[in-house]
Amino acid sequence: MPMIIALDGPAASGKGTLARRLAAHYGLPHLDTGLLYRATALALIEAGEAPDDETRAVAAARGLALTDFDEAKLRTRETGQAASIVAAIPGVRAALLETQRAFAARPGGAVLDGRDIGTVICPGAQAKIFVTASPETRAGRRALELAGRGGGADYAGILRDIRERDARDSGRASAPLLAAADAVRLDTTHLDVEAAFQAALEIVEARRSRV
Ligand code: DC
């Protein structure tokens, strides 16, 4: 039976790293669904349009190709903030829904990470993990990541961004960030990458043995 692993959680909670590690472990394809929202936002930024322009945002989401993602541009703070704004537009979410479901329906299974994978995109996923960490820990990780990419590591500004994004992603009416009722919570605040991976693996294995 194909296995779908859904990871959801707030910005910089560690879900992306866990998703990549789980995908490599099980030999499954991985989709970081945040990239779809980021690419939609970047298309608007590059065209000089506002991220809350609904008509343009929906057109940008519909025009996305899953390939050719320039991660260096997609992972900036500016793109992350704009992504959180476009992601609140129901038409944008609808435009990206089928792409995500098609990815999840691959014959061997898949790993997807985002905000609404366990609740909206793949409600039937075998394993659902809701990854959290304190805002301060997440800001510290994001600062390190941005510094590693050659960007500035303004910790206070990053923490502010993270709190703003948490509020917007959790407070929006359309598919807000929410743990599915059958998701297992994994708090990575005090875990390093290896310990978090082992904990995630245990959650998936426990689910697998039940199906
Ligand atoms: O995970 P990320 O930081 O790359 O996500 C960028 C933004 O995209 C995030 O603030 C909210 C939005 N997003 C979403 O609404 N639903 C998803 N499944 C993934 C991301």
Side-chain angles (χ1 to χ4, degrees), residues 4-20 23 30-45 51-52 54 57-58 60-61 64 66 69-104 110-123 125 128-133 135 137-146 149 151 157-180 183 186 188:
I4 297 176
I5 303 176
L7 294 106
D8 290 300
S13 55
K15 63 188 187 304
T17 305
L18 288 175
R20 271 192 301 280
H30 165 225
L31 179 62
D32 171 350
T33 63
L35 287 180
L36 302 175
Y37 295 93
R38 286 173 178 265
T40 302
L42 185 62
L44 295 171
I45 292 169
D52 60 354
E54 187 165 348
V58 171
L64 275 194
L66 260 188
F69 280 170
D70 179 347
E71 291 213 21
K73 282 188 188 165
L74 292 174
R75 301 240 179 244
T76 65
R77 274 176 68 189
E78 184 196 14
T79 312
Q81 285 292 83
S84 168
I85 295 171
V86 302
I89 302 172
V92 167
R93 307 199 71 82
L96 299 175
L97 184 84
E98 277 318 312
T99 305
Q100 297 172 80
R101 289 233 171 110
F103 191 94
V111 180
L112 289 88
D113 73 274
R115 302 291 187 290
D116 62 341
I117 307 304
T119 49
V120 175
I121 306 296
C122 305
K128 299 181 185 178
I129 308 179
F130 193 80
V131 188
T132 60
T137 299
R138 291 187 282 129
R141 288 178 187 158
R142 193 41 62 84
L144 273 179
E145 183 197 323
L146 291 172
R149 290 177 191 276
I158 292 169
L159 181 58
R160 205 168 45 241
D161 282 3
I162 280 190
R163 290 192 194 281
E164 252 179 53
R165 279 220 275 153
D166 282 358
R168 203 183 295 116
D169 296 346
S170 304
R172 69 180 178 223
S174 180
L177 170 64
L178 198 68
L186 175 57
T188 67

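When reading the values below, keep in mind they use all heavy atoms of this one structure, side chains included, and skip hydrogens, waters and symmetry mates. Both counts, for ligands and for their atoms, begin at 1 and track the order of listing.
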What protein heavy atom sits nearest atom 16 (N) of ligand 1, and how far off is it?
Arg93 NH2, 3.0 Å
Can you tell which of Arg138, Arg77, Arg168 makes a salt bridge (charged side-chain N to carboxylate O under 4.0 Å, His left out) with Asp161?
Arg77
Atoms of ligand 1 under 4.0 Å from any heavy atom of Gly114, numbered from 1 in the order shown, are 17 (C), 18 (N), 19 (C)
If you have a sec, work out which protein heavy atom is nearest atom 19 (C) of ligand 1 and how many Å separate them, to one decimal?
Thr33 OG1, 3.4 Å
I'd like to check which ligand 1 atoms, numbered from 1 as shown, lie under 4.0 Å from a non-hydrogen atom of Ala83.
6 (C), 7 (C)
Would you mind telling me which of Asp8, Thr119, Leu186, Ile117 makes a side-chain contact (heavy atoms from CB on, under 4.5 Å) with Phe130?
Asp8
Taking 4.0 Å as the limit for heavy-atom contacts, which would you say applies to Arg172 with ligand 1: side chain only, backbone only, both, or neither?
side chain
Please state which option from Arg168, Arg142, Arg165, Arg38 has its nearest heavy atom closest to atom 7 (C) of ligand 1.
Arg165
among protein heavy atoms, the one nearest atom 1 (O) of ligand 1 is Arg115 NH1, 2.9 Å
Regarding ligand 1, does Arg75 bring an N or O atom to under 3.5 Å of one of the ligand's N or O atoms?
no
Spatial distance of atom CD1 (Ile5) from atom CG (Leu18) [nearest 0.5 Å]:
10.5 Å
Please work out whether any backbone atom (N, CA, C, O) or any side-chain heavy atom from C-beta onward of Lys15 is under 4.0 Å from ligand 1, and answer side chain, backbone, both or neither.
side chain
With a 4.5 Å heavy-atom cut-off, do Leu36 and Phe69 have their side chains touching?
yes
What do you reckon, does Tyr37 have a nitrogen or oxygen under 3.5 Å from a nitrogen or oxygen of ligand 1?
no
Could you tell me whether the side chain of Pro10 reaches within less than 4.5 Å of the side chain of Leu177, counting heavy atoms only?
yes
Identify the closest protein heavy atom to atom 12 (C) of ligand 1: which residue and atom is it, and at what distance?
Ala87 CB, 3.5 Å
Answer yes when Arg75 and Asp32 have at least one side-chain N-carboxylate O distance shorter than 4.0 Å, and no when they do not.
yes
Is the closest side-chain donor-acceptor distance between Ser84 and Arg165 under 3.5 Å?
no
Test item: Thr17 and Arg20 side chains (from C-beta on) under 4.5 Å apart, heavy atoms:
yes
